[in-house]
Visitor: 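Before I ask anything, here is the structure I am working with.
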Amino acid sequence: EKGTYPHYMLKEIDEQPLVMRRIIQTYQNEQGELTIDSEIINALNAADRLYIIAAGTSYHAGLVGKQFIEKMAKIPVEVHISSEFGYNMPLLSEKPLFIFISQSGETADSRAVLVNVKEMGYPALTITNVPGSTLSREADYTLLLHAGPEIAVASTKAYTAQLAVLVILAEVVAKSRNLTIDFDLVKELGIVANAMEVLCDSKELIEQISREFLSVTRNAFFIGRGIDFYVGLEGALKLKEISYIQAEGFAGGELKHGTIALIEDGTPVIALATQESVNMNLRGNVKEVVARGANPCIISMKGLNRDEDSFVIPEVNELLTPLISVIPMQLLSYYAALHRDCDVDKPRNLAKSVTVE
Ligand code: F6R
C-alpha cells in the first residue's frame, strides 16, 4: 500500500536505501561475506562469454552490469535488447551463458529469447524481482532482487536492486577466480545505502531544479561519459515515460556528431559528472552546448563538483555511482510529471509488464 505517499513511484524511490540494505544482508553469509549459490558461480566460470538480455530499464541496468562483470570478474559480456536479439542474433561464442534481467520476469520479448536459448541447449540465469515468474521458472538459475513489489509503471527500486545484485555477482565470481578487488563491497554498498538516504532527503531541492529545467520544456537531453552515459539513458527513459517530454541520452563525445544540431536557446541539458577520468571532457561538452544556448543542469559527484553545478551527489566508489546518480534522475522525472499534471503511476500507453512481443 502506498500509505501516506501520494504516488507509488515516490514511495518506491524512497524504499531504495532499505532495499539496498536488505540485499546486502540477504546475500551475506554468517561470516559476513557475500555469497551466491555455487552452481551459479560455476556456470559463470564455465562460460567464455556472457550475454545479457533485457528490455527498457532492465536493459539499462545490463549496460552497467557489463561494466561490473568485465572490470571485476574479467569475463566478456555483451548486452542485448530482447526484442532485437530474437531475429538479429550475433555470432555466439563457444560457451555462452545467458543472463535475463527482468523486474517482472514476464516480459514476452525476453521470454522469446529464453525459449530460443533453451532450445539451443545453452544455460540461462534470470535476475528478477518475482519468484516463480515465467523467466525464473524457465531458466536454469535465478537470482532474486528482494526489492518488494514494484507497483508504479516507471521502474525505480528494481533498477538499483538489479545493479546491486549484478555487482555482488561480479564480486563473488571475481573472488572465485582469485582476482583481487581493491575495495570491500559490503562496506561500499553500505556507503551507497547511506548516500541514497541523503538523496531521498533532498527532494525539495530536486523539485526546485525540476521546476526550473523541466516544467515547460518540449525536450531535454542527458549527457554523460562512461557509466554516466548509461545512467543518462535511464534518466531519459524515466522522463519520457512519465512526463512525456521528448528526452534522449547521449554519450558526451557523440553530441558533436549530429545531435548538437537540436540544441536551441533554453534546451535543458542534464549532464552527469561522476567519473574523474572524463570530468574535464564532459565539462567541455557542456561548454559546447552552452555556447549554442543550452540550459545546463550539471549533476556531479562530491570531489568533482564545481560552482556552476546544480546538484552534488555524495561521494561513493566510482564504479557504484549509477546506484545513486540515478536517484536525482528518478526524482527529476517524478516532479516533472507532477508539475505537468501527468498521471505519475500510470502513464498513458504503458503497462507494468509487457506480455506481448
Ligand atoms: C521503464 C520500465 C520498462 C521496463 C521494461 C522491462 O520504467 O518499467 O522499460 O523496464 O518493460 O520490464 P521487465 O524488467 O519487467 O522485464
Side-chain angles (χ1 to χ4, degrees), residues 7-13 15-16 19 51-65 79-86 98-115 117 124-139 142-166 222 230-245 247-249 322 326-327 329-334 336-337 342-357:
H7 299 98
Y8 281 108
M9 184 181 177
L10 196 61
K11 174 173 179 265
E12 290 163 5
I13 289 173
E15 281 170 357
Q16 292 176 106
V19 171
Y51 294 80
I52 293 180
I53 311 290
T57 290
S58 298
Y59 170 73
H60 295 153
L63 294 172
V64 178
V79 192
H80 293 273
I81 296 173
S82 328
S83 61
E84 284 293 304
F85 193 87
F98 286 80
I99 301 180
F100 293 84
I101 306 178
S102 175
Q103 186 285 129
S104 63
E106 301 297 341
T107 299
D109 288 325
S110 302
R111 177 166 187 248
V113 178
L114 175 57
V115 168
V117 159
L125 159 69
T126 290
I127 300 180
T128 183
N129 199 27
V130 184
S133 56
T134 307
L135 286 170
S136 166
R137 279 185 281 111
E138 294 181 357
T142 297
L143 285 175
L144 292 174
L145 299 178
H146 302 285
E150 193 180 63
I151 311 285
V153 164
S155 186
T156 53
K157 62 176 178 173
Y159 172 84
T160 44
Q162 285 163 345
L163 297 188
V165 170
L166 284 162
F222 290 75
Y230 305 133
V231 180
L233 293 178
E234 174 57 10
L237 177 61
K238 264 330 53 110
L239 191 62
K240 280 186 268 210
E241 66 177 329
I242 60 168
S243 77
Y244 317 138
I245 295 170
E248 298 303 333
V326 75
I327 294 180
M329 308 279 120
Q330 297 167 344
L331 285 167
L332 280 175
S333 303
Y334 173 78
C342 301
D343 186 345
V344 170
D345 282 340
K346 284 198 166 50
R348 69 186 184 206
N349 309 343
L350 292 172
K352 181 65 183 164
S353 49
V354 185
T355 51
V356 289
E357 272 179 62

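The first residue in the sequence is number 1, and the count goes up from there. Treat the numbers as computed from the prediction; the structure is a model and nothing was measured. In each ligand, atom 1 is the first atom listed, and ligand 1 is the first ligand listed.
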Visitor: Please determine if Glu357 and Arg111 form a salt bridge, counting it only when a charged side-chain N lies under 4.0 Å from a carboxylate O.
Guide: no
Visitor: I'd like to know if Glu12 and Lys157 make a salt bridge, using a cut-off of under 4.0 Å between side-chain N and carboxylate O.
Guide: no
Visitor: What's the verdict on side-chain hydrogen bond (donor to acceptor under 3.5 Å, both in side chains) for Thr57 and Ser155, showing C-alpha distance, side-chain angles and the deciding distance?
Guide: CA-CA 7 Å; Thr57 290; Ser155 186; 4.9 Å; no
Visitor: Does a sphere of radius 6.0 Å around NZ in Lys346 hold more than 12 heavy atoms from other residues, nucleotides or ligands, not counting ones at 6.0 Å or beyond?
Guide: no
Visitor: Quick one about Glu106 and Thr134 (side-chain donor to acceptor, distance below 3.5 Å, no hydrogens or angles considered), yes or no?
Guide: yes
Visitor: Quick one, list the residues around ligand 1 where some non-hydrogen atom comes in under 4.0 Å, by chain and residue number.
Guide: Ala55, Gly56, Thr57, Ser58, Ser102, Gln103, Ser104, Thr107, Val153, Ala154, Ser155, Leu237, Lys238, Glu241
Visitor: Could you check whether His7 and Tyr334 have their ring centres less than 6.0 Å apart?
Guide: yes
